**Student:** 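What follows is a single structure, and I will ask about it in a moment.
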Amino acid sequence: MYFFICSLSVVDIIHSTSTSPAMILVLIADITAISYRSCITQMTLSNLAFAMEKFTISLMAYDRLVAISYPLRYHSILTKTRIVLLTVASWVLGFSFIAVLTGIADRLPYCRTTLKYAFCDYGAMVRAACVNPDEYFVVSTVLIFFILFGSFAMICISYLKIIFTVLKIAPSEDRKKMYSTCSNHLIVVASVFALPFVIIIVTRIGLVLSVTERNVLIIFSSLGPCLVNPFVYCFRTKEIRRQLFRIFKAVAPQE
């Protein structure tokens, strides 16, 4: 589990550092200029973090499933080698998906020097090109559908299996411990998937958002999980909380 938390931390660092500097420059300093290569790089890193966030959380759900359904076989099922292989495979899959979008955006002929949204993403770059954007949104829609709904489906299946296992074999006291074990992960799942689903629903029902409203949703959906994850896993996980307190005591001045 802790290896997956480390992977999620790396994803959060990539997500926040790839988007927040540009957002600060645009929204606070009113600096709207960015080079083409910097924009492509930012789009690639932001999309990679978007995909890896979902994949990593899916692996964490699988980890919870194995820990609760097969507690005595946990270390034999999820060995260190298998955990590393699952993590590497998820990163390779994420890079492969995002390379497709980056390759498409890099070959587009651009006729506008400004972007419509607060930072460089695939949609903003396609809309800045001299092409019909609808044709280029098909590929991105398919990839986002697979990343978003595929990972969410895996999480739902894992938790349905967990619920059936808990209700079937666990006494009431053990159920509370298992629910507490899963609560951290469920908070993170809610913070990651809630706003993207809101954006999709709003788009599908035909509600037209202003640029400012869309920017707000994009900013919160991008940076919200990066703010929530450290608090959840630092202050709600006993082992990490105990280690942090030990570090604070070590560096605190002695009277």
Side-chain angles (χ1 to χ4, degrees), residues 1-16 49-75 77-78 82-83 86-87 90-91 93-94 144-202 217-244:
M1 182 64 171
Y2 295 113
F3 192 86
F4 294 139
I5 293 177
C6 291
S7 179
L8 184 63
S9 301
V10 173
V11 172
D12 288 339
I13 292 172
I14 295 175
H15 213 161
S16 58
F50 172 85
M52 287 308 307
E53 195 172 48
K54 279 64 179 176
F55 292 158
T56 304
I57 292 176
S58 300
L59 291 178
M60 293 169 72
Y62 177 69
D63 176 272
R64 293 299 83 198
L65 170 63
V66 176
I68 292 175
S69 300
Y70 311 100
L72 299 180
R73 297 175 55 201
Y74 175 82
H75 292 290
I77 295 175
L78 282 179
R82 289 175 180 173
I83 290 174
L86 286 172
T87 304
S90 66
W91 279 92
L93 189 63
I144 291 174
F145 181 87
F146 178 83
I147 293 170
L148 198 61
F149 290 94
S151 57
F152 188 72
M154 180 177 175
I155 293 171
C156 290
I157 292 171
S158 297
Y159 273 99
L160 285 175
K161 174 64 174 175
I162 288 173
I163 291 172
F164 289 143
T165 301
V166 170
L167 294 177
K168 183 178 179 181
I169 63 173
S172 58
E173 293 183 0
D174 290 341
R175 290 178 189 175
K176 293 181 180 179
K177 294 180 181 179
M178 293 178 182
Y179 293 148
S180 177
T181 301
C182 296
S183 62
N184 295 343
H185 185 255
L186 289 174
I187 293 172
V188 174
V189 170
S191 69
V192 169
F193 286 94
L195 279 178
F197 282 151
V198 169
I199 295 174
I200 292 173
I201 292 171
V202 167
L217 287 176
I218 292 175
I219 290 170
F220 276 100
S221 65
S222 300
L223 300 183
C226 302
L227 298 174
V228 171
N229 295 342
F231 285 100
V232 169
Y233 285 111
C234 287
F235 296 108
R236 289 181 61 87
T237 303
K238 290 182 180 179
E239 291 82 0
I240 298 178
R241 186 170 64 243
R242 191 181 301 116
Q243 186 65 27
L244 285 175

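By convention here, the first residue in the shown sequence is residue 1. Predicted model only: the values in this text are computed from it and were never measured.
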**Student:** Can you tell me how far the OG atom of Ser58 sits from the CG atom of Leu86, to the nearest 0.5 Å?
**Tutor:**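 Output value for this atom pair is 11.5 Å.
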**Student:** Pair up each side-chain donor or acceptor in residues 189-197 with any protein partner under 3.5 Å, not counting sequence neighbours, and list the distances.
**Tutor:**
unit_1	atom_1	unit_2	atom_2	d
Ser191	OG	Val188	O	2.8

**Student:** To the nearest 0.5 angstrom, please state how far the CD1 atom of Ile68 sits from the CG atom of Asp63.
**Tutor:**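 Output value for this atom pair is 9.5 Å.
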**Student:** Pairs under 3.5 angstrom only: tabulate donor-acceptor contacts from the side chains of residues 147-162 to other protein residues two or more places apart or in another chain.
**Tutor:**
unit_1	atom_1	unit_2	atom_2	d
Ser151	OG	Ile147	O	2.5
Ser151	OG	Leu148	O	3.1
Ser158	OG	Met154	O	2.9
Tyr159	OH	His185	ND1	2.7

**Student:** Should Arg73 and Val66 be marked as a side chain to side chain contact (heavy atoms under 4.5 Å, CB included) after you check the CA-CA gap, both sets of side-chain angles, and the distance that decides it?
**Tutor:** CA-CA 8 Å; Arg73 297 175 55 201; Val66 176; over 6 Å; no
**Student:** Applying side-chain hydrogen bond (donor to acceptor under 3.5 Å, both in side chains), name anything that partners Thr87, two or more places apart in sequence or on another chain.
**Tutor:**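 Thr87: no side-chain hydrogen bond (donor to acceptor under 3.5 Å, both in side chains) contacts found.
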**Student:** After noting the C-alpha distance and the side-chain angles of Asp12 and Glu53, does the key distance pass the side chain to side chain contact (heavy atoms under 4.5 Å, CB included) rule?
**Tutor:** CA-CA 8 Å; Asp12 288 339; Glu53 195 172 48; 3.8 Å; yes
**Student:** How long is the straight-line distance from CG of Leu8 back to CG of Leu59, given to the nearest 0.5 Å?
**Tutor:**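 Going from the CG atom of Leu59 to the CG atom of Leu8 covers 10.5 Å.
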**Student:** To the closest 0.5 Å, what do you measure between CD1 (Ile57) and OG (Ser7)?
**Tutor:**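 One finds 10.5 Å between CD1 of Ile57 and OG of Ser7.
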**Student:** Side chain to side chain contact (heavy atoms under 4.5 Å, CB included), that's the test. Do Ile77 and Tyr62 meet it? Break it down for me.
**Tutor:** CA-CA 11 Å; Ile77 295 175; Tyr62 177 69; 4.2 Å; yes
**Student:** Hey, what do you get for CZ (Phe50) to NE2 (His15), rounding to the nearest 0.5 Å?
**Tutor:**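 Taking CZ in Phe50 and NE2 in His15, the distance rounds to 8.0 Å.
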